[in-house]
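Just the heavy atoms: all of them, side chains too, but no hydrogens, waters or symmetry mates, feed the values below. Both ligands and their constituent atoms are indexed starting at 1 by order of listing.
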Amino acid sequence: MMQNSQVKNAIRGEIYWLTLILTIGLIVGFLLENISLVLVFALSFYIFFHLVQLAKVLKWIASGRMVQTPNTHGVWNEFVRQALKLERKNQKRKKRLRALLNRFNKVLAALPDAIVILDEYGGVEWFNESARHLLNMRHARDLGRHITHSLENRAFIKYYNQQDFDNSLNIHWPKKGDFYLNIRIARYGKKQYLLSARDITRMRQLEGVRNLFVANVSHELRTPLTVVAGYLELLSDTDNSQAGADIQALQPIFAQMNQQADRMTNLLDDLLMLSNLENKENHDSTLNETICIADMMRDIHRDAQMLKREDRYSVSCDIDKGLALIGNAKELHSAFNNLVTNALRYTPAGGEIKIIWMKKNNQACFSVQDNGIGIEAKHINRITERFYRVDKGRSRNTGGTGLGLAIVKHVLHKHNANLNVASEFGKGSCFTCVFPEHRIRYLFDNP
Ligand code: ADP
């Protein structure tokens with residue numbers, strides 16, 4: 001209110017002066033008998049006065065030294081006062097922002113994770129203290145440099161060039177001892193990037209210990225289990241006529257023990273497969289075989305036919321014979337086999353199973369479609385977790401270990417592929433493995 005009245009007073013004062021000048025001009029003009037000339041003279045004087053004031057104000061603003069206010073009059077005085085007020089307000093805001101920025105910088109600097117800000121071309125704009133320790137970055141060398149030159153790591157360069165930052169990346173970082181880093185890049189603002197790197201060495205070590213433990217336990221259990229299973233088989237194979245009545249009476253028990261021993265063997269095999277997959281996760285060398293999927297499917301189809309109830313199913317295949325994959329044959333065989341046996345296990349007798357292998361939109365797709373029991377939507381996101389089963393009883397009765405889809409997920413991840421699951425409860429499911437273009441090969445001379 002106060003401010004408004006000051007502005008109003010200044011304008012009022014200005015109108016007062018203008019009226020006074022015009023009145024004096026009119027009176028003098030009347031006395032000199034030349035009103036228009038005197039009025040022009042009076043107005044010129046008025047304009048000249050304002051031009052002088054304007055020049056002073058412009059000089060003052062251009063000098064940037066706002067504290068040294070110019071010697072102005074009338075409405076210009078009020079103008080300078082308002083400009084000064086605005087400037088003080090700005091200064092206060094700047095101070096507040098600077099304090100906020102300092103606090104933010106201190107927080108970022110204190111973070112244990114390395115933080116690097118990148119411009120739209122990948123140049124390093126800023127990094128925190130942890131980036132110096134963790135990534136070995138130096139201001140003089142790395143500011144303005146492209147991030148792939150500062151973080152020279154094959155896996156990271158590939159990750160950065162793909163520009164797909166939905167997932168994070170784990171890399172081995174030997175520059176500062178035997179480090180493992182988890183790197184994540186997030187887009188923000190206008191084409192800017194924030195890279196964060198976390199030391200996951202300890203976590204990797206613990207994971208390694210866990211994997212080794214599971215692998216060793218599975219391995220150690222296998223030998224005694226093979227012996228027990230062998231004897232059980234011998235006992236259940238005993239010729240009825242020669243066996244004593246006691247042994248014959250125990251046959252149903254032996255059969256059950258045999259079945260459980262088989263389950264345990266399957267479980268150990270799957271556990272070993274999983275820990276092998278995890279241990280070999282970063283070795284590309286195991287992933288460069290050219291695999292003819294048509295041949296592999298022939299084996300899987302034959303195995304499926306050997307499953308006891310298979311004759312009551314219709315299994316059809318639609319295979320592109322020339323379409324091959326670059327990867328690990330043993331692992332892919334295990335993944336595809338798991339999907340096919342799942343389809344057989346979760347489809348009631350008389351059902352239809354369709355296996356499709358073909359190229360779609362530059363990607364290679366392996367699908368297993370069934371018209372079995374299907375999966376409720378709420379379970380779909382969790383079925384690839386270890387030991388997650390929708391119906392434990394059914395899974396066990398059909399020889400499931402609860403690890404099949406976890407193996408599939410791992411194998412696909414290693415092959416840069418994705419698993420898509422479409423299912424309708426009570427109607428059936430379709431599991432599709434989608435492989436990227438760089439894993440596809442064409443076997444033109446394939447029959
Ligand atoms: P399991 O050995 O129990 O089959 P998996 O990891 O292979 O373990 O599968 C996890 C769960 O996903 C299964 O227990 C089952 O409930 C569900 N599932 C997998 N495949 C199918 C399918 N084709 N149809 C219906 N449910 C399925």
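Close N/O approach between G404 and ligand 1 is found [any backbone or side-chain N/O within under 3.5 Å]. Residue T401 has at least one nitrogen or oxygen atom sitting less than 3.5 Å from a nitrogen or oxygen atom of ligand 1, judged on distance alone. By the 3.5 Å distance cut-off applied to N or O atoms, A406 is not counted among the residues near ligand 1. Between F431 and ligand 1, no pair of N/O atoms sits closer than 3.5 Å. Some N or O of G402 is nearer than 3.5 Å to an N or O of ligand 1, by distance alone.
The protein non-hydrogen atom at the shortest distance from atom 23 (N) of ligand 1 is D370 OD2, 3.0 Å. Looking only at protein heavy atoms, the nearest one to atom 19 (C) of ligand 1 is N342 ND2, 3.5 Å. Closest protein heavy atom to atom 3 (O) of ligand 1: S395 OG, 2.6 Å. At the top of the distance list for atom 12 (O) of ligand 1, counting protein heavy atoms only, stands I383 CG2, 3.5 Å. Atom 5 (P) of ligand 1 has L405 N, 3.6 Å as its closest protein atom, hydrogens excluded (heavy atom only).
Numbered from 1 in the order shown, with element, the atoms of ligand 1 that lie under 4.0 Å from a heavy atom of V390 read 14 (O), 16 (O). Within ligand 1, counting atoms from 1 as listed, the ones closer than 4.0 Å to a heavy atom of G400 are 2 (O). Listed by number with element, the atoms of ligand 1 under 4.0 angstrom from any heavy atom of R389 are 3 (O), 14 (O).
When D113, N182, N170 are each tested for a side chain to side chain donor-acceptor pair (under 3.5 Å) with R198, only one passes: D113.
Summarising the geometry, atom CD1 belonging to I293 is positioned 4.5 Å from atom CG belonging to L325; distances are rounded to the nearest 0.5 Å. Note that the CG atom of N102 and the CG atom of L97 stand 11.0 Å from one another [nearest 0.5 Å].
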Next on the checklist: Working note: N371 + E352, criterion side chain to side chain donor-acceptor pair (under 3.5 Å); need CA distance, chi angles, decisive distance, verdict.
Outcome noted: CA-CA 6 Å; N371 60 354; E352 281 176 24; 4.8 Å; no
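A heavy-atom separation below 4.0 Å is found between I375 and ligand 1. Distances shorter than 4.0 angstrom occur between a heavy atom of S429 and an atom of ligand 1. Within the structure, the closest approach of R345 to ligand 1 falls below 4.0 Å when heavy atoms are considered.
Ring planes of F366 and W357: tilted class, angle from 30 to 60°. Aromatic ring pairs are classed by plane angle as parallel below 30°, tilted from 30° to 60° and perpendicular above 60°; the pair F127 and H139 is parallel.
Between R210 and E207 there is no salt bridge, since no side-chain nitrogen of the basic residue lies less than 4.0 Å from a carboxylate oxygen of the acidic one. The existence of a salt bridge linking R222 and D269 is confirmed by a sub-4.0 Å separation between a basic side-chain nitrogen and an acidic carboxylate oxygen.
Note: Y159 and F165 meet the aromatic proximity criterion, with ring centroids under 6.0 Å apart. Residues H301 and F336 keep their aromatic ring centres 6.0 Å or farther apart.
Q192 and E125 form a side-chain donor-acceptor contact under 3.5 Å, judged by distance and modelled atom types alone.
Comparing heavy-atom distances from atom 13 (C) of ligand 1 across Y346, F425, Y388 singles out Y346 as nearest.
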